[in-house]
Trainee: 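Just passing along the structure, written as structure tokens.
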Amino acid sequence: MRDAETGAALLAWYDRHARVLPWRVGPADRAAGKRPDPYRVWLSEVMLQQTTVAAVRSYFHRFTTLWPDVAALAAAPDAAVMEAWAGLGYYARARNLLACARAVAADHGGVFPATEAGLRALPGIGPYTAAAIAAIAQDEPAVVVDGNVERVVARLFAHPEPLPRAKPALTALAARLTPRHRPGDHAQAMMDLGATICTPRAPACGICPLAGFCAARVQGMAADLPRKSAKPAKPTRQGIAYVVRRADGAVLLETRPPKGLLGGMPGFPGTDWAEAPDPAPPIAAHWRPAPVGVRHTFTHFHLHLAVHLAKVGATAAPARGAFVPAADFRPAALPTLMRKVWDAAQVELDDAAQSDAAVPIARNP
DNA sequence: GATGCGTGGCT
DNA sequence: TAGCCAAGCAT
């Protein structure tokens with residue numbers, strides 16, 4: 001087979017074209033034997049789960065500035081970590097990140113486990129992330145399989161089986177290419193190739209270092225692989241978000257339940273999100289609808305929210321949530337949906353002030 | 001194995 | 001525009 005030859009061509013390409021990323025060790029340091037910091041590799045890999053490099057950069061910088069090592073992160077308050085994660089999405093990652101940091105600090109002497117199996121046992125570290133840390137930070141010949149690798153090997157071997165059923169077969173194919181020498185660079189090379197050349201649509205086969213090894217290219221079907229089984233359509237759900245300001249400027253917020261959608265994050269009280277939600281305002285007040293609502297799309301449904309506004313007196317007692325003093329309220333600490341709600345609440349009747357996130361209620365069916 | 005879980009960019 | 005997609009994990 002030409003597996004070894006393929007791997008060599010990939011590493012040769014990587015040595016010339018590796019992307020410069022804040023969590024990577026540069027070529028000179030790598031040649032000098034320097035390994036990347038497992039903490040930074042772990043943090044970046046968790047942030048990169050289902051998330052683009054462009055979105056991760058500023059968050060990675062903020063986290064490593066606030067918490068330069070795993071001990072510092074383990075000692076951070078929950079709310080500070082959730083706030084720093086606000087806007088990045090998939091908030092279970094932030095909860096597991098903190099749980100993992102505390103487990104490493106408490107149970108492993110502040111040092112990440114040296115093996116893939118040890119890493120895999122930590123919260124928020126699944127098969128991909130364990131393999132990535134083991135390969136990149138610890139030079140273990142772990143088989144790293146993410147969406148990029150699946151796509152690259154599906155094309156290299158012209159594997160026609162649709163995902164997710166093809167996952168085990170693609171993992172076996174990826175294992176054939178994984179070298180014992182420089183497995184971390186190999187893994188990063190596969191992912192760089194998938195992100196920049198072997199892209200989902202319109203792959204740049206003309207400049208691909210593996211073009212001569214690619215079965216799909218020979219068959220003219222690279223752009224059609226990997227096949228994917230059809231996904232169900234997203235339903236649309238409705239709801240009302242309630243924005244209450246007290247006379248002193250305090251804002252009524254509640255912390256969402258620790259699990260589930262936007263779990264553990266702050267937000268405005270509201271109805272449930274359903275086809276026919278049950279209106280239950282969190283406080284007695286004179287409510288008026290904001291002139292614009294909010295549209296937001298989650299992974300598995302579209303959401304249209306009406307925004308209802310009220311001002312209340314200094315002694316008003318809410319049935320849900322708690323008033324946050326104006327000085328402590330930061331919209332940036334909210335998940336994006338709730339930031340859109342806040343933006344909509346600011347629009348009042350001034351059309352010129354409408355943000356991109358706010359749309360006229362009339363457009364919400 | 002299927003489902004739930006965010007967000008922003010791209011076509 | 002509406003859908004697709006991105007360095008997945010937990011249950």
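Computed from a predicted structure; not experimentally measured. All values below come from the heavy atoms of this structure, side chains included, with hydrogens, waters and symmetry mates left out. Per chain, numbering begins at 1; letters A, B, ... match sequence-line order.
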Trainee: Would you mind telling me which residue lines up with the more 5' stretch of DNA chain C, Ile125(A) or Met191(A), judged by nearest nucleotide?
Mentor: Met191(A)

Trainee: Starting at CD of Glu45(A) and ending at P of dC9(C), how long is that distance when rounded to a whole Å?
Mentor: 9 Å

Trainee: Does the distance from a Lys or Arg side-chain N to an Asp or Glu carboxylate O, for Asp29(A) and Arg35(A), drop under 4.0 Å?
Mentor: no

Trainee: Within a strict 4.5 Å, meaning less than it, do heavy atoms of the His308(A) and Pro281(A) side chains meet?
Mentor: no

Trainee: Check whether NZ of the Lys or CZ of the Arg Arg62(A) lies under 6.0 Å from the centre of the six-membered ring of Tyr59(A) and within 45 degrees of that ring's axis.
Mentor: yes

Trainee: Indicate, with a heavy-atom threshold strictly under 4.0 Å, whether Thr297(A) touches base, sugar-phosphate, or nothing.
Mentor: base

Trainee: Classify the ring geometry between Trp42(A) and Tyr39(A) as parallel (under 30°), tilted (30 to 60°) or perpendicular (over 60°).
Mentor: tilted

Trainee: Find the distance Arg93(A):CZ to dT7(B):C1' and express it as a whole number of Å.
Mentor: 9 Å

Trainee: For the pair made of CG in Leu337(A) and P in dG8(B), what is the distance, rounded to whole Å?
Mentor: 11 Å

Trainee: Grab the N/O contacts between the protein and nucleotides 2-5 of chain B below 3.5 Å, and write none if there aren't any.
Mentor:
| unit_1 | atom_1 | unit_2 | atom_2 | d |
| --- | --- | --- | --- | --- |
| dC5(B) | OP1 | Leu261(A) | N | 3.4 |
| dC5(B) | OP2 | His300(A) | NE2 | 2.4 |

Trainee: Looking for any heavy atom pair under 4.0 Å, which part of the strands does Arg256(A) touch: base, sugar-phosphate only, or nothing?
Mentor: nothing

Trainee: For dT7(B), does either OP1 or OP2 sit under 4.0 Å from a side-chain N or O belonging to Thr336(A)?
Mentor: yes

Trainee: Separation of Leu97(A) atom CG from dA10(C) atom P, in whole Å?
Mentor: 12 Å

Trainee: Give the nucleotide from the list dG8(C), dA10(C), dT7(B) with an atom nearest to the side chain of Thr129(A).
Mentor: dG8(C)

Trainee: Rounded to whole angstroms, how far apart are CG on Leu163(A) and P on dG8(C)?
Mentor: 12 Å

Trainee: Can a side chain N or O of Thr51(A) be found less than 4.0 Å away from OP1 or OP2 on dG6(B)?
Mentor: no

Trainee: So what does Leu21(A) hit on the nucleic acid, given a heavy-atom distance under 4.0 Å: a base, only sugar-phosphate, or nothing?
Mentor: base

Trainee: Could you tell me the separation between the NZ atom of Lys167(A) and the C1' atom of dG8(C), rounded to a whole number of Å?
Mentor: 8 Å

Trainee: Would you mind checking if Arg30(A) and Asp185(A) are paired as a salt bridge, meaning a charged N to carboxylate O distance below 4.0 Å?
Mentor: yes

Trainee: Under 4.0 Å between a side-chain N/O of Thr52(A) and OP1 or OP2 of dT7(B), yes or no?
Mentor: no

Trainee: Hey, are Arg237(A) and Glu275(A) close enough for a salt bridge, meaning a charged N less than 4.0 Å from a carboxylate O?
Mentor: no

Trainee: Quick one: do the Lys234(A) and His300(A) side chains pair a donor with an acceptor below 3.5 Å?
Mentor: no

Trainee: I'd like the P distance from dT11(C) over to dG6(B), given in whole Å.
Mentor: 14 Å

Trainee: Under 4.0 Å between a side-chain N or O of Gln50(A) and OP1 or OP2 of dA6(C)?
Mentor: no

Trainee: Quick check on DNA chain B: between Ala54(A) and Pro168(A), whose nearest nucleotide comes earlier from the 5' end?
Mentor: Pro168(A)

Trainee: Roughly, in whole Å, what's the span from CH2 in Trp85(A) to C1' in dC9(C)?
Mentor: 12 Å

Trainee: Would you mind checking if Arg182(A) and Asp15(A) are paired as a salt bridge, meaning a charged N to carboxylate O distance below 4.0 Å?
Mentor: yes

Trainee: Got a sec, which residues hit salt bridge (Lys or Arg N to Asp or Glu O under 4.0 Å) with Arg120(A), two or more places apart in sequence or on another chain?
Mentor: none

Trainee: Atom pairs, N/O to N/O, protein against nucleotides 2-5 of chain C, distance under 3.5 Å?
Mentor:
none

Trainee: Whole Å only: how far is the CG atom of Leu88(A) from the P atom of dT7(B)?
Mentor: 9 Å

Trainee: Under a 4.0 Å threshold between the charged nitrogen and the carboxylate oxygen, would Asp37(A) count as salt-bridged to Arg40(A)?
Mentor: no

Trainee: Contact class for Gly87(A) (heavy atom, under 4.0 Å): base, sugar-phosphate, or nothing?
Mentor: sugar-phosphate

